[in-house]
There are 2 protein chains.
Amino acid sequence: MESQARGVRARSTAAPQTDPEGFWPLLIEFALSQRFWWVKLCTDLDLTPMQGHALRMLDPERPVAMSSLADALVCDASNVTGIVDKLESRGLIARQGATRDRRIKMLVVTDRGRKLRDQLAARMLVPPPAVAALAPPARRRLAEVLRAILAERST
Amino acid sequence: MESQARGVRARSTAAPQTDPEGFWPLLIEFALSQRFWWVKLCTDLDLTPMQGHALRMLDPERPVAMSSLADALVCDASNVTGIVDKLESRGLIARQGATRDRRIKMLVVTDRGRKLRDQLAARMLVPPPAVAALAPPARRRLAEVLRAILAERST
DNA sequence: TATTGTTATACTCTATAACTATA
DNA sequence: TATAGTTATAGAGTATAACAATA
């Protein structure tokens, strides 16, 4: 949920029709609130949000084509060029030519990039107090549902 | 979850310590995936993501100060000036002077803005098939858990 | 003096279109 | 001809600093 300082908050003006328990609006409200969480996480590690996403989506075990990263980030290839430029200039990743198709450039995560990526992953996995305090059965149930939702790819 | 075209996906390299059910990583993965969902929702209504957030956070029932909107959007006041400029130039909101303190400018949602805001709210409330298919008891339980998390304000 | 909002500036993200070098 | 990536360009979000009006 976004800040409610001075009483400002999102207000719903329409009623849900297939979700009388209000589950979906709550999930959405939560998801949108994580915008700030992600920005802070990345900023703390001197990354922009998109640079953080890029580093997260790259595979530390094997090279990934620029075009694959563009797909993963759901943005244009021209955009990826700039994002990769910045990460490469900091020595976090590197461009490599592909052997068979010389048009393709593969991206590899450097040792330095891997360290930063691991830090990011570690911080991502630290749940906020409210989540850590949940009883295990409640977490287990919610985890099952989220797994089912993510498996659908329909959102 | 971001696109997995050509096999690219986020990989975790660290293990959670206080969340053996994997609840938190799933929740985060879900939250981050909603980035694209929100962008599309706003784009369909000819709004940028931030303009959508601004319209969502404003109160159609009463004027809101620029500074309050800045708090709600968690961004600088100078930033809000530009976002408000664009919404106002489209006739979706309007600036009003405050009576007691003439430094303050209050924002009101116009009739046109209200219609667009309602459309946005209505589309937000349509759950994806995987969510709509959940049994009511499951939804009810999960709604309780999410309410508890959001009430904490600690994320 | 302090606060509200604006302006100026600079950087990042974003897409489109034109370009190159390959295929 | 088609594809992978780059460059040029323009619009939007972002913060910092300096500013005007008001308190």
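First the proteins, then the strands, lettered A, B, ... as listed; each starts at 1. Predicted model, so just to flag it, every value in this text is computed and none were measured. Every heavy atom of this structure was used, including side-chain atoms; hydrogens, water molecules and symmetry mates were not.
Counting only heavy atoms from C-beta outward, the side chains of A:F23 and A:V145 approach each other to under 4.5 Å.
Following rounding to the nearest Å, B:M66 (CE) and D:dA21 (C1') show an atom-to-atom distance of 15 Å. Summarising the geometry, the separation between CD on B:Q96 and P on C:dG5 is reported as 13 Å, rounded to the nearest angstrom. What separates CG of A:D85 from C1' of D:dT6 is a distance of 9 Å, to the nearest Å. In this structure, CD of B:E88 is placed 13 Å from P of C:dG5, rounded to the nearest angstrom.
Across B:F36 and A:L73, no two heavy atoms sit closer than the pair CE2-O, 3.5 Å. The minimum heavy-atom distance linking A:D59 with A:V109 is given by the pair O-CG2, 4.1 Å. Nearest heavy-atom pair, A:V126 versus B:W24, reported as atom, atom and distance to 0.1 Å: O-NE1, 3.4 Å.
For D:dT6, one of the phosphate oxygens OP1 or OP2 lies less than 4.0 angstrom from a side-chain nitrogen or oxygen of A:T81. The phosphate of C:dT6 has OP1 or OP2 within less than 4.0 Å of a side-chain N or O from B:R95.
Under the 4.0 Å criterion applied to side-chain N and carboxylate O atoms, B:R95 and B:D85 are assigned as salt-bridge partners. In summary, B:D118 and B:K115 do not engage in a salt bridge, as defined by a charged side-chain N under 4.0 Å from a carboxylate O. We find that B:E29 and A:R56 are joined by a salt bridge, their nearest charged nitrogen and carboxylate oxygen being less than 4.0 Å apart.
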Worked verdict on B:L107 versus B:L87 for side chain to side chain contact (heavy atoms under 4.5 Å, CB included): CA-CA 11 Å; B:L107 302 173; B:L87 290 174; over 6 Å; no

What's the verdict on side chain to side chain contact (heavy atoms under 4.5 Å, CB included) for A:T48 and A:K86, showing C-alpha distance, side-chain angles and the deciding distance? CA-CA 10 Å; A:T48 65; A:K86 292 178 191 80; over 6 Å; no

Across nucleotides 12-19 of chain D, 5' to 3', mark each nucleotide with B, S or - according to how protein heavy atoms within less than 4.0 Å reach it. SSBBBB--

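The cluster map of Ile, Leu, Val, Met, Phe, Trp and Tyr, joined by side-chain heavy atoms under 4.5 Å apart, puts A:I104 and A:V64 in different clusters. The hydrophobic clustering, which links ILVMFWY residues whose side-chain heavy atoms are closer than 4.5 Å, places A:L26 and A:W37 together.
In DNA chain C, runs of at least 3 stacked Watson-Crick or G-U pairs (N1-N3 plus N6-O4 or O6-N4, or N1-O2 plus O6-N3, all under 3.5 Å) give these stems: C:1-23 with D:1-23.
Listed in residue order, the members of residues 97-107 of chain A having a heavy atom less than 4.0 Å from DNA chain C are A:R100, A:D101, A:R102, A:R103.
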